[in-house]
Amino acid sequence: MTENNLMEKIVSLCKRRGFIFPSSEIYGGLAAVYDYGPYGVELANNIKQTWWKQMVRLNDNIVGLDSAIFMQPKVWEASGHVAGFADPLVECKNCHARLRLDHLLEENGVAADEKMSEDQIGEIFEKNKNKIKCPVCGRGNFTGVKKFNLLVKSNLGNFASDWQKEPVYLRGETCQGIYVNYKNVLDSARVKIPFGIAQIGKSFRNEITARQFIFRTREFEQMEMQYFVSPGEEMKEYEKLKKARWQFYLSLGLREKNLTWHKHENLVFYAKAAYDIEYNFPFGFKELEGVHARGDYDLSQHAKFSGQDLSYADPQTKEKYVPHIIEASAGVGRTFLAVLTDAYEEEKIGQETRVVLKINRWLAPIKIAVFPLLKNKPELVKKAKQVYNQLKVDYLCEFDDNGNIGKRYRRQDEIGTPYCLTVDFETLADGQVTVRDRDTMKQTRVKVLDLDNFFRDKFV
Ligand code: GAP
């Protein structure tokens with residue numbers, strides 16, 4: 001399978017089987033915005049629940065938060081987003097296509113990436129200008145490099161005419177909601193440093209180019225944890241966090257050979273260290289999550305802009321300081337795409353090709369599918385419904401009596417269902433059903449009365 005081929009196959013499977021749909025498709029879609037279908041929402045929820053469990057439930061000193069998408073516009077001034085949250089853009093003078101410069105360079109075979117500084121990218125563009133062609137019209141005549149701010153403006157509270165002077169933005173990252181609630185959490189949740197605040201929620205960015213499916217979208221979900229530490233402990237805690245984040249992706253079942261660390265060479269002035277965990281997507285190794293040591297920049301900026309004291313008084317030493325922050329910032333969509341990429345397999349079975357998603361059992365959207373062998377035998381359908389109703393209390397199950405058993409297996413393989421269970425004529429006599437394993441395709445007979453026991457340890 002070539003890399004492009006694999007991407008096309010994943011995109012097609014996502015649409016065909018109800019994982020991901022283009023947004024408002026009946027109206028022609030909306031670039032870089034996607035909807036999660038019946039199986040997609042289950043997989044995304046399972047990813048989020050795993051993250052939440054590992055972050056909040058299993059760590060005594062990390063608490064959760066759900067802050068609003070809309071925030072006081074000063075937040076984005078303080079954070080530096082209003083002035084500096086921008087990508088380099090050029091415009092084709094012929095067709096007026098607006099193009100993200102690092103992508104344009106890459107598409108023309110010139111080495112560049114989004115981690116380069118503005119100046120570096122601008123320099124590379126100047127040197128290679130004569131061989132760069134517009135991907136839309138094929139000409140090679142561009143404007144100079146401009147900065148394009150990624151914040152998405154809204155007209156919230158647009159009752160007065162002056163909203164454009166200070167628009168309310170849709171948040172560009174979830175962590176700002178954490179920073180501005182740091183004091184509230186500290187005063188209410190009996191936490192003391194070191195402690196973390198975790199949040200999962202939507203973020204919005206006016207990405208210049210829409211490409212690579214759900215890898216880069218204009219509306220997306222982030223899973224962010226900000227850990228507040230004393231200045232002297234920052235780097236020690238950072239190393240611990242890096243290890244834990246790597247383990248998270250292994251726990252999702254991603255193959256370690258498909259993961260790598262990318263060190264940021266161009267650190268912003270306040271950062272102590274910045275690494276990304278990259279995954280080997282069908283289009284190459286790209287960022288899955290950022291793990292950053294941010295010093296005291298975030299709280300200091302918010303203290304300055306809000307006029308509030310955001311320092312911390314250590315209850316034991318009485319020392320007063322502005323906490324330093326280390327963050328783990330991951331995307332739900334990118335993790336989703338990584339899970340699908342890692343799990344997608346095609347196997348030759350005789351003359352046929354079996355497409356199977358070998359997703360971790362507990363991440364799979366549907367855990368167990370229940371079939372009556374034949375749909376026109378009421379006694380089999382009745383028994384299968386009974387088994388289905390028994391199992392669906394604890395597991396997300398699907399009842400299917402369409403087509404022949406072979407077709408039902410193929411459908412469940414494609415959506416990653418770990419177990420298919422068939423009720424046949426023998427079931428009526430011996431009270432046993434056939435349980436078929438997705439990965440080995442092995443079939444075993446299990447008593448209906450033992451099914452709870454059989455599945456108990458399969459999804460933890
Ligand atoms: N608070 C830090 C922060 O937001 P980031 O590297 O800009 O850092 C963190 O974003 C993560 O959010 C990325 O690693 C990625 O998984 C996800 N992400 C960022 N922009 C995205 C986009 N346009 N579409 C999908 N996911 C995105």
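Numbering of ligands and ligand atoms starts at 1, following listing order. Everything quoted here is computed from the prediction, not taken from an experiment.
- Among protein heavy atoms, the minimum distance from atom 18 (N) of ligand 1 is reached at F220 CE1, 3.5 Å.
- Heavy atoms of S329 found under 4.0 angstrom from ligand 1 belong to the backbone as well as the side chain.
- Relative orientation of the W261 and W246 rings is parallel, given thresholds of 30° and 60° on the angle between their planes.
- When atom types are taken as modelled, the side chain of Q308 and the backbone of L310 share no donor-acceptor pair closer than 3.5 angstrom.
- Ligand 1 places these atoms under 4.0 Å from at least one heavy atom of E289: 14 (O).
- The proximity of L288 to ligand 1, defined as any non-hydrogen pair under 4.0 Å, is limited to the backbone.
- Ion pairing of E224 with R171 is absent here, as no side-chain N (NZ or NE/NH1/NH2) approaches a carboxylate O to less than 4.0 Å.
- What sits closest to atom 14 (O) of ligand 1 on the protein, heavy atoms only, is E287 OE2, 2.6 Å.
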Please step through ring-ring contact (aromatic ring centres under 6.0 Å, His included) for the pair F283 and F215, ending with a clear verdict.
-> CA-CA 10 Å; F283 38 85; F215 178 81; 5.3 Å; yes
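- T335 is listed as a side-chain neighbour of M223, based on a closest heavy-atom distance under 4.5 Å.
- At least one heavy atom of C175 lies less than 4.0 angstrom from ligand 1.
- Looking from atom 2 (C) of ligand 1 to the surrounding protein, the closest heavy atom is E327 OE2, 3.2 Å.
- Distances below 4.0 Å separate heavy atoms of E207 from the following atoms of ligand 1: 22 (C), 23 (N).
- Within ligand 1, counting atoms from 1 as listed, the ones closer than 4.0 Å to a heavy atom of E224 are 1 (N), 2 (C), 3 (C), 4 (O).
- Looking from atom 10 (O) of ligand 1 to the surrounding protein, the closest heavy atom is Q222 NE2, 3.4 Å.
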